[in-house]
Amino acid sequence: QVVLVESGGGLVQAGGSLRLSCAASGRTFSRYVMGWFRQTPGKERMFVAAISRSGAMTYYADSVKGRFTISRDNAKNTVYLEMNSLKPEDTAVYYCAAEDSIRLGYVSDFSEYDYWGQGTQVTVSS
């Protein structure tokens with residue numbers, strides 16, 4: 001089992017930047033594919049980005065490609081989401097997720113992940 005704790009959310013103006021962090025504790029961090037999802041009230045949790053166990057492969061939703069960057073530091077048991085050129089439509093609660101048995105072709109499917117953080121609010125003002 002792994003416990004995930006997100007941080008770094010907040011209020012930012014459109015065009016600004018934020019960096020989210022997700023610290024993991026428990027089993028060996030490098031076993032897990034890590035993902036970021038986001039959710040707005042009344043809507044389904046949506047895929048944002050994912051990263052392979054080694055960090056060699058990254059995946060992004062079309063809506064954030066070129067603006068967001070996912071990375072991980074296995075020595076620090078942490079995954080990051082660097083968010084640039086933020087837009088009001090990026091406003092959401094952002095969740096970190098982990099899964100050790102996921103197939104890489106399914107990283108965008110939230111139902112594939114067993115472990116979730118508590119979420120951090122990101123608000124982008126226009």
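Being a predicted model, the structure only gives us computed values, none of them experimental.
Heavy-atom minimum distance, A24 versus L4: CB-CD2, 3.7 Å. Shortest non-hydrogen contact noted between T40 and A92 is CG2-CB, 3.8 Å. In this structure, C22 and M34 approach most closely via the heavy-atom pair SG-CE, 4.4 Å. The heavy-atom pair separating T78 from S21 by the smallest distance is CG2-CB, 4.3 Å. Taking every heavy atom of both residues into account, W116 and Y113 meet most closely at NE1-O, 3.3 Å. When every heavy atom of I102 is checked against every heavy atom of E112, the shortest pair comes out as CD1-CB, 3.5 Å.
Y95 does not carry R38 over the face of its six-membered ring by the limits of under 6.0 Å from the centre and within 45° of the normal. With F29 as the aromatic partner, R72 meets the cation-pi criteria of under 6.0 angstrom to the ring centre and within 45 degrees of the ring axis.
A salt bridge between D100 and R53 is absent, with no side-chain N of the basic residue lying under 4.0 Å from a carboxylate O of the acidic one. For D62 and K65, the salt-bridge test passes: some basic side-chain N is under 4.0 Å from an acidic carboxylate O.
Atoms SG and CD, on C96 and E6 in that order, are 5.5 Å from each other to the nearest 0.5 Å. Here the straight-line distance linking atom OG of S52 with atom OH of Y59 works out to 6.0 Å at 0.5 Å rounding. Considering CG of D73 and OH of Y80, their distance stands at 5.0 Å, rounded to 0.5 Å.
Here the side chains of K87 and V124 are not in contact, with every heavy-atom distance at 4.5 Å or above. The closest side-chain heavy-atom distance from Y60 to I70 is below 4.5 Å. In this structure the side chain of Y32 reaches within 4.5 angstrom of the side chain of V2, judged on heavy atoms. The shortest distance between side-chain heavy atoms of L20 and T120 falls below 4.5 Å. When side chains are defined from C-beta on, D90 does not count as touching V122, because their heavy atoms never get closer than 4.5 Å.
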**Request:** Could you walk me through whether V12 and T123 pass side chain to side chain contact (heavy atoms under 4.5 Å, CB included), step by step?
**Result:** CA-CA 6 Å; V12 64; T123 302; over 6 Å; no

**Request:** Show your working on side chain to side chain contact (heavy atoms under 4.5 Å, CB included) between W36 and V79 and close with a plain yes or no.
**Result:** CA-CA 9 Å; W36 286 98; V79 63; 4.0 Å; yes

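For the side-chain hydrogen bond (donor to acceptor under 3.5 Å, both in side chains) test, no residue two or more places apart in sequence or in another chain qualifies with N77. Residues meeting the side-chain hydrogen bond (donor to acceptor under 3.5 Å, both in side chains) test with N84, sequence neighbours left out: S17.
Distance alone, capped at 3.5 Å, places no donor-acceptor pair between the R45 side chain and the Q39 backbone.
Residue V107 is tested with V33, I51, T58 for a side-chain contact (heavy atoms from CB on, under 4.5 Å); the sole match is V33.
Ring geometry for Y94 versus F68: interplanar angle of 30 to 60°, hence tilted.
For T91 and E89, the side-chain atoms include no donor-acceptor pair closer than 3.5 Å.
One hydrophobic cluster, built from ILVMFWY side chains closer than 4.5 Å, cannot hold both L81 and F37; they sit in different ones.
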